[in-house]
There are 2 protein chains.
Amino acid sequence: MAEKDLNTEQKILEAARLVFTQKGFEGARMQEIADKAGINKALLHYYYRSKDKLFEGVFREAFFTMVPQVMDLLKSEMPLFEKIRFFTSNYIEIFINNPFIPGFVLHELSVNPKRIVDLLSNMGIQPALFLDQIQAEIDKGIIKPIDPRNLLTNMLAMCIFPFVARPILQNILFTNDEQAFAQFVEDRKKAVPEFIINAIKNE
Amino acid sequence: MAEKDLNTEQKILEAARLVFTQKGFEGARMQEIADKAGINKALLHYYYRSKDKLFEGVFREAFFTMVPQVMDLLKSEMPLFEKIRFFTSNYIEIFINNPFIPGFVLHELSVNPKRIVDLLSNMGIQPALFLDQIQAEIDKGIIKPIDPRNLLTNMLAMCIFPFVARPILQNILFTNDEQAFAQFVEDRKKAVPEFIINAIKNE
DNA sequence: ATTTAGTTTAACTAATTGGTTAAACTGATT
DNA sequence: AATCAGTTTAACCAATTAGTTAAACTAAAT
């Protein structure tokens, strides 16, 4: 009995990840995925029944990379400022390693918002704890009054936005120098949390 | 000689705007645009030779809505804090009226980055003046030291991100209450500039 | 050497999509 | 009424795409 090439399935998934995340579901072509995986198109359907099934796998993985583990950071017991530093730098690091994830996930959610219900209903994503912690610090007078949801949105925005807008930011701010942009994003792992803390801390 | 129905061309453009901005180029169907415009598919090609031509028009309009006029605000002579308030509130207002523009433009630029070169080479988008102004305020000790490009990126991020991530933010923060989310974004026209100014001002 | 189960492929099919065409309609002008 | 340019349509075409099929290959087991 011939051994199943263990690499083939991995190569398909890797190829699908590349094509789907960069072209989106509608822009992706099964033929291109097959080519990138170095196999025939029919073999794709041997491993994965349909484009939808293959996409579902890639999307779920991407979504979980982007949303839940990281949101768990917000649930941990940790002083607010430390938590902000920990969350933003870790979140940015994740996108440095998966730069196409944010644009991919947000676009697919926009095109097909009912995915959210399916995905989020399973797992309880619960920012309430973090929002409460912010409110508590406000009440104690440690940070300035702010709608906690605005603060959370600002944190997410500053972490995620550079990756969604990379082409134009890289062009305008760094004359398309890829290396310079990479350094810029790396610096933001420290700059963003300091910016946020400066914005909210009293005194 | 029969009068050309002046509304038809407008209705086509309006329909194309709707479909392209919500589905993207690859996801858009000429038939759907025709249906939404209340006309036949062939009439689309009578007015606009091809899908690409129609898309080009819609995309350029969207891009110009998103980038250049607003960037001009940054060039104006105005004290920094006032400029930040003016820019962010105006920018957010634009997206309140065109909520699908950010996701559409950023996605199409990601999928086809060479569009940027074509579009930006024509008009000189020049944030240098704003960046210099920030540096000058830092040197004067009026605001805290910060990479001006980081500050500009943060401003753009906080204005744009909520519209790119609307489906998931609306779901998680507002249990899918559309009206509540609209109010949230409206509030950000004041909350975002205050957040930014708090983050950078000395004392 | 032959069998056999798993693996890979070329060739095909059905459906969708962007785009064309030629005919029909409309209403102002003569 | 007949004409005529501009407008609208139904029917068709060619290309692309997701998905199928049946045959061929591979290598371990007998």
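Residue numbers begin at 1 in each chain, while the letters A, B, ... track the order of the sequences. Quick caveat: nothing in here was measured; it's all calculated off a predicted structure.
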Rounded to whole Å, OH of A:Tyr46 lies from P of C:dA10 at a distance of 17 Å

Can you find a pair of side-chain heavy atoms, one from A:Phe25 and one from A:Phe20, that are under 4.5 Å apart? yes

Counting heavy atoms from C-beta on, name the nucleotide in D:dT9, C:dT8, C:dG19 closest to the side chain of B:Asn40. D:dT9

Salt-bridge test for B:Glu14 and B:Arg17: reply yes if a basic N is under 4.0 Å from a carboxylate O, no otherwise. yes

Measuring from the side chain of A:Ala42 (C-beta onward, heavy atoms only), which nucleotide among D:dT8, D:dT21, C:dG18 has the closest atom? D:dT21

Within a radius of less than 6.0 Å around NZ of A:Lys23, do more than 12 heavy atoms belonging to other residues, nucleotides or ligands occur? no

Side chain of B:Lys51 only, please: which of D:dT8, C:dA10, C:dG19 is the nearest? C:dG19

Round to a whole Å and report the spacing from CD of B:Glu9 to C1' of D:dG6. 14 Å

What's the CZ-P distance between A:Arg29 and D:dA18, to the nearest Å? 6 Å

Send over the distance from A:Lys41 NZ to C:dA11 P, rounded to a whole Å. 13 Å

To the nearest angstrom, the CG-P distance between A:Asp35 and D:dT16 comes to 15 Å

Whole-Å gap separating C1' (D:dT17) and CZ (A:Phe55): 17 Å

Heavy atoms under 4.0 Å, any strand shown: does B:Ala34 hit a base, just sugar-phosphate, or nothing? nothing

Can you tell me how far apart NZ (A:Lys144) and CD1 (A:Ile200) are? Round to the nearest 0.5 Å. 9.0 Å

Between C:dT8, D:dT9, D:dT20, which nucleotide gets closest to the side-chain atoms of B:Leu43? D:dT9

Can you tell me which nucleotide in C:dT9, D:dA18, C:dG18 comes closest to the side chain of B:Met30? C:dG18

